[in-house]
Amino acid sequence: MLIFEKSRPGRGISALPKCDVEQYTLPEDDMREADLHLPEMAEVDLSRHYTELAKKSHGVNDGFYPLGSCTMKYNPRINEKTASFEGFTQVHPLQPAETVQGCMQVLRETEEALAEITGMSSFTMQPAAGAHGEFTGLLLIKAYHLANGDPQRTKIVVPDSAHGTNPASAVMAGMEVINVDSTPDGLVDVDKLREICRDNEEIAGLMLTNPNTAGLFDPNIREITDIIHECGGQCYYDGANLNAVMGWARPGDMGFDCVHLNLHKTFSTPHGGGGPGSGPVGCKEHLAEFMPGVKVVDENGILAFGKADSSLGEMKNFYGNFLVVVKALTYIKMLGRQGIPEASKNAVLNANYMMNKLSEKYDIAFKPEVCMHEFVMDIGRQAKETGVTAMDIAKGLLDNNIHPPTMYFPLTVHEALMAEPCETESKETLDEAIGVFLALNDLAYSDPEALHAAPVKTPVTRLDEVGAARHPVLRYEF
């Protein structure tokens with residue numbers, strides 16, 4: 001029931017203190033023609049309404065959340081504690097630099113830590129999310145080519161297994177996307193990439209994540225980035241899957257020139273509706289002169305703000321989502337040099353444990369002996385033999401208090417379920433989830449109609465998702 005439907009005229013909260021400032025009335029021209037439609041409720045009803053909504057939500061703190069490629073990590077409470085310090089919450093972005101030295105140190109130390117983890121030279125915290133970071137990285141590449149007198153370099157190579165935001169970001173940056181196929185084992189087809197790039201002076205660069213969306217680390221990664229560099233392009237690393245390799249392998253060492261990171265994935269800051277997110281962008285030295293926003297520099301022991309010589313401008317007001325950066329730095333310092341690679345190791349261990357257990361009844365796409373932080377189940381056989389699809393399995397998981405894996409992605413697997421059990425999940429949790437997956441497979445063969453009807457235990461049962469996508473209702477009609 002919506003809050004507007006619970007509203008009753010005349011009800012409200014009368015416990016607020018009397019206004020202690022002079023009231024100001026806007027000029028008539030600035031006034032609304034009609035009053036705002038605001039709900040009228042008693043405090044107790046308002047409290048119950050939001051508590052009821054919270055109970056209907058599912059987050060990492062509610063249960064298993066193996067959303068592949070989204071890295072739904074637990075958000076440590078210490079992150080929230082440090083981000084609530086008044087020294088961070090009660091500052092203004094226009095304060096003089098000498099009055100916010102602590103905040104500037106946070107930005108500087110985070111930049112240095114991320115640069116070391118990724119093998120980059122410089123970072124900007126301005127981008128507000130992953131796709132925003134992609135867009136920023138592509139603008140860096142574009143600015144680099146324009147500065148070198150190569151305006152014709154407007155084509156970006158993107159693998160067919162890439163995140164959907166990759167081609168979208170390239171188009172937004174005014175570039176043309178060239179698709180490169182995957183091999184039968186799920187990796188970039190190096191021969192086709194070489195053919196695309198041979199004597200091609202229009203190639204601006206490559207967008208790639210490694211490990212890829214099938215959870216596979218590409219053993220040809222240095223050959224891939226060398227091919228792009230040999231034809232004059234730049235290599236962009238989508239950091240969505242960095243949780244699998246942080247502390248073990250660095251994008252900079254793989255040959256990438258710039259990278260975005262998802263602080264709300266790899267570095268444990270809130271994700272999704274609990275955000276905001278943050279997508280810092282790092283780059284090698286030859287791209288640093290084009291970086292957006294300001295950079296914290298040390299001037300004789302005093303931190304100050306500097307700007308790149310040929311900065312491409314501002315990607316967001318001021319310094320990005322600063323409190324998200326505070327949370328990420330807390331996580332980095334809490335784990336330290338030993339904890340960061342240990343987190344990656346445990347994420348990979350959990351994924352391989354779950355993949356091997358589920359392979360007893362589920363087909364694993366591309367049949368890797370070892371996956372990285374995530375793996376893809378192919379439900380095509382079940383769909384053919386029982387009529388139960390990846391969507392049906394996902395709906396069945398909802399009835400078992402498990403958030404479904406990513407569905408129908410990557411696009412190279414028709415009936416895909418991509419699962420990512422993060423490093424904080426215990427063996428007991430994994431075993432319980434594995435049991436549910438195996439039971440749903442058995443149910444597909446014994447009673448497929450039960451899965452066609454799922455979910456039946458959730459507040460809202462199976463929805464008309466096609467109708468909702470084609471005819472969305474985006475506002476409440478009074």
Side-chain angles (χ1 to χ4, degrees), residues 58-60 62-74 161 163-164 186 209 211-217 240-245 262 265-266 271-272 343-383 388-444 451 454-455:
H58 185 92
V60 177
D62 296 295
F64 192 43
Y65 209 127
L67 195 61
S69 201
C70 287
T71 314
M72 302 300 289
K73 299 175 79 155
Y74 172 69
S161 62
H163 294 110
T209 187
N212 65 17
T213 51
L216 307 174
F217 190 96
N241 296 340
L242 188 75
N243 199 52
V245 296
N262 301 84
K265 291 186 181 185
T266 314
H271 200 144
S344 288
K345 182 169 63 174
N346 288 337
V348 173
L349 176 64
N350 279 355
N352 278 276
Y353 177 75
M354 190 173 184
M355 179 186 74
N356 279 280
K357 291 290 186 180
L358 291 180
S359 65
E360 297 174 8
K361 294 186 177 180
Y362 288 92
D363 297 329
I364 306 300
F366 310 116
K367 300 178 175 61
E369 291 186 12
V370 177
C371 68
M372 298 301 291
H373 64 309
E374 62 191 9
F375 60 94
V376 178
M377 290 170 279
D378 186 348
I379 315 300
R381 175 171 53 81
Q382 286 88 340
V388 169
T389 64
M391 176 71 79
D392 293 325
I393 297 293
K395 298 298 186 182
L397 290 169
L398 292 174
D399 278 334
N400 290 274
N401 198 39
I402 294 176
H403 193 286
T406 298
M407 300 182 294
Y408 299 108
F409 185 76
L411 300 178
T412 49
V413 180
H414 183 62
E415 288 287 341
L417 286 177
M418 180 168 59
E420 180 181 0
C422 296
E423 66 274 9
T424 48
E425 300 297 348
S426 66
K427 182 177 180 296
E428 291 78 13
T429 297
L430 295 180
D431 285 338
E432 182 179 349
I434 289 165
V436 171
F437 272 94
L438 296 178
L440 291 176
N441 175 79
D442 293 344
L443 187 61
L451 283 175

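- By the salt bridge (Lys or Arg N to Asp or Glu O under 4.0 Å) test, E415 is found to be paired with no residue, residues two or more places apart in sequence or in another chain being considered.
- Every residue was checked against the side chain to side chain donor-acceptor pair (under 3.5 Å) condition with T209, not counting sequence neighbours, and none meets it.
- Remark: E374 pairs with no residue by the side chain to side chain donor-acceptor pair (under 3.5 Å) rule, at least two apart or across chains.
- In this structure, V348 and F217 have side chains that are not in contact, with every pair of non-hydrogen atoms separated by 4.5 Å or more.
- Residues P405 and L397 are in side-chain contact: their nearest non-hydrogen atoms beyond the backbone lie under 4.5 Å apart.
- Partners of T429 by side-chain contact (heavy atoms from CB on, under 4.5 Å), not counting sequence neighbours, listed by chain and number: F64, E425, S426.
- Residues meeting the side-chain contact (heavy atoms from CB on, under 4.5 Å) test with T266, sequence neighbours left out: L242, N243, M246.
- Annotation: side chain to side chain donor-acceptor pair (under 3.5 Å) contacts of D392 (sequence neighbours excluded): T389, H452, R462.
- The shortest distance between side-chain heavy atoms of E423 and K345 does not fall below 4.5 Å.
- Considering only residues two or more places apart in sequence or on other chains, A416 meets the side-chain contact (heavy atoms from CB on, under 4.5 Å) condition with V376, V413.
- For H58, the side-chain contact (heavy atoms from CB on, under 4.5 Å) test picks out D62, Y65, N401, H403, with sequence neighbours left out.
- Among residues at least two apart or in separate chains, salt bridge (Lys or Arg N to Asp or Glu O under 4.0 Å) pairs with a member in residues 359-369 are K361-D442, D363-R381.
- For the salt bridge (Lys or Arg N to Asp or Glu O under 4.0 Å) condition, the pairs that include at least one residue of residues 430-440, sequence neighbours left out, are K427-D431.
- Listed by chain and residue number, N241 satisfy the side chain to side chain donor-acceptor pair (under 3.5 Å) test with H373 (two or more places apart in sequence, or in another chain).
- Sequence neighbours left out, the pairs with a member in residues 395-404 that pass salt bridge (Lys or Arg N to Asp or Glu O under 4.0 Å) are K395-E465.
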